[in-house]
2 protein chains.
Amino acid sequence: MTTEQPLYHDMTVKPSGMVDHLSDAQWAKLAPLLVQHKHYAPGNVVSRRGDLLNHSLLLLDGLIARSVPRGQRARSTFVALQFPGEFVDLHAFPLKRLDHDVVSLTDTRVATVSHDTLHELLNGDVELARKLWLMTLVDASIHRHWVMRNSAMRALARVANFLCEFDARMTAAYGVERQSLPFSLRQTDIADATGLTSVHVSRTLRELREHGCCSVTGGKLLIHDRNGLHKVGMFEAAYLYMPEPEAVI
Amino acid sequence: MTTEQPLYHDMTVKPSGMVDHLSDAQWAKLAPLLVQHKHYAPGNVVSRRGDLLNHSLLLLDGLIARSVPRGQRARSTFVALQFPGEFVDLHAFPLKRLDHDVVSLTDTRVATVSHDTLHELLNGDVELARKLWLMTLVDASIHRHWVMRNSAMRALARVANFLCEFDARMTAAYGVERQSLPFSLRQTDIADATGLTSVHVSRTLRELREHGCCSVTGGKLLIHDRNGLHKVGMFEAAYLYMPEPEAVI
DNA sequence: CGGAGCGTTGAGCAACGTCAAAAGACGTGG
DNA sequence: CCACGTCTTTTGACGTTGCTCAACGCTCCG
């Protein structure tokens with residue numbers, strides 16, 4: 001992530017990614033409320049399960065996991081992953097209280113919006129409110145896909161599908177489809193997200209490498225055969241509800 | 001389900017269950033829009049993945065699954081289950097298109113609300129809009145719990161936890177906690193919801209029976225030891241965001 | 001009585017987890 | 001530059017969970 005051009009330096013420019021669901025005008029109304037940019041180092045707990053929140057975060061750069069701790073010294077389970085341009089905990093606006101931890105996986109930058117200001121803004125703009133609602137519903141759709149993936153797919157397909165999603169959402173966040181993308185997740189993170197052990201993730205990645213699909217090394221995900229990877233992972237992107245159906249090179 | 005007193009005969013009375021998040025006044029505004037009550041027999045596909053929807057459904061009675069088909073003659077995976085008093089596909093209002101099928105598991109009654117009328121109503125009532133938003137977010141929270149359950153829990157705990165959720169949501173829907181509740185799911189349904197095979201579900205239920213926790217027979221779920229069941233299933237109800245934290249007998 | 005659907009049981013097996021050891025990657029300080 | 005410690009990845013041997021296949025019983029209903 002650190003080798004990448006930082007995203008969202010100029011908040012007046014509507015970025016790509018999830019917030020692309022908003023029109024330019026809507027972004028112009030929302031952007032000024034996104035204040036108090038913060039930075040987190042990898043492995044930081046941004047907010048904890050049960051906390052009462054009076055603000056929400058837009059992820060500007062890096063990766064953040066929504067994670068459910070289990071037991072004392074056992075690993076936790078990831079129930080969601082957030083990419084740049086996505087709200088991390090917008091659901092805390094109506095819900096107030098979180099049911100999971102929010103943890104930074106890499107160096108991250110976030111912008112904060114207070115629920116009070118959001119409340120006022122949305123009272124005066126029903127359309128924008130509906131857009132934010134929609135964005136949380138895309139999250140929910142991704143949750144459902146994770147249920148399906150971790151319940152119904154074998155390790156090989158499961159990891160492949162996970163990598164396809166990673167690819168698709170990174171592409172959305174950065175606006176370019178690439179053959180080599182920055183990949184700052186450790187294998188234990190993949191394990192937490194897919195419900196496997198890191199040992200088995202290691203073996204599965206080797207298998208994908210030997211299939212000629214992709215390889216994960218040195219913080220990079222190299223996609224050798226995107227079609228093949230999609231096939232192995234039975235990947236269909238519809239559940240991501242991407243804003244533009246345009247083809248990117 | 002058929003042995004039960006039918007719910008929601010008189011729409012002017014605010015029912016319990018999920019819609020309990022609404023105030024009396026809010027229910028009074030919403031109820032008149034819930035028209036065209038429909039009935040479905042078990043196993044009916046109410047709406048199909050990819051469909052463009054111009055209305056949403058409130059489940060009045062019975063059980064409905066949101067299900068992702070996989071392969072031709074393979075079983076499908078349930079990504080969610082809806083109980084009486086819950087909206088089945090309210091997310092289709094902002095999202096328009098579904099990413100899964102909607103299937104009736106029992107005899108069901110639903111009420112329909114058109115997206116156009118809902119649109120108008122919500123334009124004039126920001127608070128109500130936020131409540132409906134909240135209700136879809138509770139769904140999302142349950143999705144996350146399902147991700148955790150089906151990724152991180154072993155069969156015994158997984159099935160136990162599923163039954164705990166069933167108990168809790170039935171209790172919310174009917175307003176009474178009981179030792180014996182109507183249970184119209186087949187073991188293959190539990191399998192589809194938990195990501196196990198029906199064979200293994202059968203064995204797991206036997207184990208729960210032998211533990212003295214609960215037994216599933218003849219369309220009834222008998223809870224012999226609710227505390228024990230909660231313990232085996234590591235169940236904590238917070239993720240359900242129940243409207244009232246009141247204790248019910 | 002016969003069939004269909006569902007639940008139960010058993011035997012064998014594949015997928016994945018566990019434990020442990022070792023090798024590689026990376027930064028730090030000498 | 002090397003030595004060191006820490007973190008991550010890889011590999012092997014072995015154990016266990018849960019799946020597959022197949023048979024049988026049960027219940028309900030025509």
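First the proteins, then the strands, lettered A, B, ... as listed; each starts at 1.
B:R75 has its CZ atom 11 Å from the C1' atom of C:dC6, to the nearest Å. Atoms CD (A:E210) and P (D:dT11) sit 9 Å apart, rounded to a whole Å. Taking atom CD1 of A:I190 as the reference point, atom C1' of D:dT8 lies 12 Å away to the nearest angstrom. Note: CD (A:Q187) to C1' (C:dG24) measures 12 Å, nearest angstrom. In this structure, CZ of A:R186 is placed 15 Å from P of C:dC26, rounded to the nearest angstrom. Here C:dC6 presents its P atom at 14 Å from CZ of B:F183, a figure rounded to the nearest Å.
Place A:V216 and B:R158 on DNA chain D by their nearest nucleotides, and A:V216 ends up nearer the 5' end. Two residues, A:A155 and A:G218, neighbour DNA chain C, and the one matched to the more 5' nucleotide by heavy-atom proximity is A:A155. The nearest heavy atom of DNA chain D to A:L185 and to A:R154 marks one nucleotide each, and the one closer to the 5' end goes with A:L185.
Nucleic acid contact for A:R209: sugar-phosphate only, since backbone atoms but no base atoms lie under 4.0 Å from a heavy atom of the residue.
The CG atom of B:D167 sits 4.0 Å away from the CZ atom of B:R226 when rounded to the nearest 0.5 Å.
Between B:F235 and B:H145, the two ring planes are perpendicular [angle over 60°; tilted spans 30° to 60°].
The number of heavy atoms from other shown groups lying within 6.0 Å of CZ (A:R70) is above 12.
For A:R149, the salt bridge (Lys or Arg N to Asp or Glu O under 4.0 Å) criterion is met by A:E165, not counting sequence neighbours.
With B:H39 as the partner, the side chain to side chain donor-acceptor pair (under 3.5 Å) test is satisfied by one option alone out of B:N44, B:D107, B:D61: B:D107.
Among residue pairs with one or both ends in residues 192-206 of chain B, those qualifying as side chain to side chain donor-acceptor pair (under 3.5 Å) are B:R75-B:D192; sequence neighbours excluded.
A heavy atom lying under 4.0 Å from DNA chain C marks the following residues of residues 195-208 of chain A, by number: A:G195, A:L196, A:T197, A:V199, A:H200, A:R203.
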